[in-house]
Amino acid sequence: MATRVYKYGLVPIGYPPQAAIDELFRANNLWNTLVALHRESLENWDDARRAASILYSEKMDDLEKKQQEISQAFDALRQVRMEEGTKDETNPKLKLQRSIINKLEKEKGEIFAELKPLRKDADTKIDKKALNDQYRDKCKQAVSVKNCGIYRRTADQIYANFRTARDKAFKDNATMRFHPFDGTGYFQFRCNYAGTNTDGIAVDDFLNANFEANPRFHVENIDRKKSKTRIRVNAVLSGGKVKSSRVSHEFDWIYHRPLPPDCQIQNGKILRTRSGDKFKYDLVLTVKVPDAI
């Protein structure tokens, strides 16, 4: 089976409930909580290395001092740009300031090269398992429904996306950043038959809502009279397993591209993204289709 992703437009019927926006806010807060835990973990690792190796600690002090000098050099470059009224670095003053930055960056690279073996040596003297376990335990607590207050599948997906971004940040030596809440996000749902823990349902069952007693996303009716088939769906945007806690909303699903009849729908999400000063909604379905022979 090959995995494919299908994306469709959704038209909300009226304004979404405030509970849905609150759910997105809590989801954004979960991401920022994970970023804060990531930064705290980096500090704990650095503190442990410094305590284990005085040479590493001294070299880190040199690196921090050099980073501060580079920051000040960039501030000076911005000031010169304002004074000269240009960003053209053929300007003598801008050219001079850029050469200072390049020199500092080169010196920083030399410090990094000297720091690498010292970090490797310090890592052999610290309890890496304890540090990792402490970080993972805090992440699990943050992702738990009790603490984050959002639907478990959405929380799990945010955590999975965060781990992918964190791995990339380590690889690229990048910084994990906080996300200000701008009203965007997604609502995750899974597709499985009642009484099973394995995801995957047939297209016909999905379109006929024949898979769960109380699904978070189900079809209400299908209108084939328009040029593009419209399917009225009802989606749970907030709340958990208890039916009374759920808050749902109706959408028109613009079914412009039929799903393969032999595919299995694994899971889906409703995306809420910005389009200028408004918001747009999309349905994203992850499906498995038989490999072509």
Side-chain angles (χ1 to χ4, degrees), residues 1-13 16 20 23-24 27 150-165 167-168 184-241 243 246-275 279-293:
M1 302 286 280
T3 301
R4 293 181 184 173
V5 176
Y6 285 75
K7 187 175 182 180
Y8 301 89
L10 286 178
V11 180
I13 309 303
E23 182 86 353
L24 294 177
I150 63 177
Y151 177 53
R152 183 168 66 90
R153 295 292 172 182
T154 301
D156 289 344
Q157 186 61 49
I158 291 171
Y159 188 31
N161 292 344
F162 172 80
R163 292 199 303 270
T164 300
D167 290 342
K168 190 175 188 302
T184 62
Y186 57 83
F187 307 93
Q188 187 81 16
F189 61 89
R190 66 182 299 197
C191 299
N192 65 318
Y193 291 107
T196 66
N197 294 320
T198 304
D199 291 344
I201 61 174
V203 174
D204 288 343
D205 288 340
F206 183 73
L207 295 178
N208 292 310
N210 183 25
F211 52 98
E212 278 189 66
N214 296 300
R216 295 186 71 86
F217 184 97
H218 70 271
V219 172
E220 294 188 335
N221 61 68
I222 301 176
D223 181 2
R224 304 184 187 276
K225 296 179 181 179
K226 301 183 185 243
S227 58
K228 293 181 181 178
T229 301
R230 286 204 173 200
I231 302 176
R232 181 62 58 87
V233 299
N234 187 294
V236 176
L237 304 182
S238 181
K241 287 186 176 181
K243 189 175 181 180
R246 295 183 171 188
V247 177
S248 61
H249 193 68
E250 291 186 337
F251 296 86
D252 272 350
W253 170 11
I254 312 302
Y255 195 57
H256 66 276
R257 181 187 182 189
L259 291 162
D262 55 351
C263 78
Q264 285 188 343
I265 303 175
Q266 301 296 113
N267 57 67
K269 65 176 66 171
I270 295 175
L271 296 177
R272 188 176 195 253
T273 56
R274 276 195 175 274
S275 179
F279 293 95
K280 61 175 292 190
Y281 293 82
D282 293 291
L283 172 64
V284 179
L285 297 175
T286 301
V287 306
K288 285 189 175 181
V289 296
D291 287 324
I293 299 176

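For clarity, every value in this text was computed on a predicted model and none was experimentally measured.
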Looking at Ala20, is its backbone amide N or carbonyl O close enough to the side chain of Ser238 to form a donor-acceptor pair, meaning the two atoms are under 3.5 Å apart? no
For residues Arg230 and Ile254, determine if any side-chain heavy atom of one lies less than 4.5 Å from a side-chain heavy atom of the other. yes
For Gly268 against Leu285, the heavy-atom pair lying closest together: CA-CD2, 4.1 Å
Point-to-point distance, once rounded to the nearest 0.5 Å, from CZ of Phe217 to CG of Leu283: 4.5 Å
Shortest non-hydrogen separation from Asp223 to Lys225 and the atoms involved: OD1-N, 3.0 Å
Apply side-chain contact (heavy atoms from CB on, under 4.5 Å) to the pair Thr229 and Trp253, showing each step before the final yes or no. CA-CA 8 Å; Thr229 301; Trp253 170 11; over 6 Å; no
Please tabulate, for the side chains in residues 4-11, all donor-acceptor contacts under 3.5 angstrom to protein atoms that are two or more places apart in sequence or on a different chain.
from: Tyr8; atom 1: OH; to: Arg257; atom 2: O; distance (Å): 2.5

Are the side chains of Phe251 and Ile231 in contact, using a 4.5 Å heavy-atom criterion? no
Where do Val287 and Cys263 come nearest, in terms of heavy atoms and distance? CB-SG, 4.2 Å
Non-hydrogen side-chain atoms of Val233 and Glu250 separated by less than 4.5 Å: no
Any donor-acceptor pair under 3.5 Å from Glu23 side chain to Tyr151 backbone: yes
Taking atom CD1 of Ile201 and atom OG1 of Thr198, what is their separation to the nearest 0.5 Å? 13.0 Å
Got a second to check how far Leu237's CG is from Arg216's CZ, nearest 0.5 Å? 8.5 Å
With the side chain counted from C-beta on, respond yes when Thr3 and Gln266 share a heavy-atom pair under 4.5 Å apart, and no when they do not. no
Classify the angle between the aromatic ring planes of Phe206 and Phe189 as parallel (below 30°), tilted (30 to 60°) or perpendicular (above 60°). parallel
Within a strict 4.5 Å, meaning less than it, do heavy atoms of the Ile158 and Tyr186 side chains meet? yes
Find the distance between CG (Asn192) and CD1 (Ile265) and round it off to the nearest 0.5 Å. 12.5 Å
The test is side-chain contact (heavy atoms from CB on, under 4.5 Å); show your working for Tyr255 and Ile222 and say whether it passes. CA-CA 10 Å; Tyr255 195 57; Ile222 301 176; over 6 Å; no
Taking His249 for its side chain and Ala235 for its backbone only, find out whether a donor-acceptor pair lies under 3.5 Å. no
Separation of Asn234 CG from Ile13 CD1 (nearest 0.5 Å): 11.0 Å
Does the side chain of Phe279 reach to within under 4.5 Å of the side chain of Arg274, using non-hydrogen atoms? yes
Least distance between heavy atoms, Pro215 atom then His218 atom: CG-CB, 3.7 Å
Would you mind reporting whether Pro260 and Val203 have side-chain heavy atoms less than 4.5 Å apart? no
Rounded to the nearest 0.5 Å, the CG atom of Asp252 sits from the OH atom of Tyr281 at a distance of 14.0 Å
Minimum-distance pair of heavy atoms, taken over all atoms of Arg190 and Asn267: CA-CB, 4.0 Å
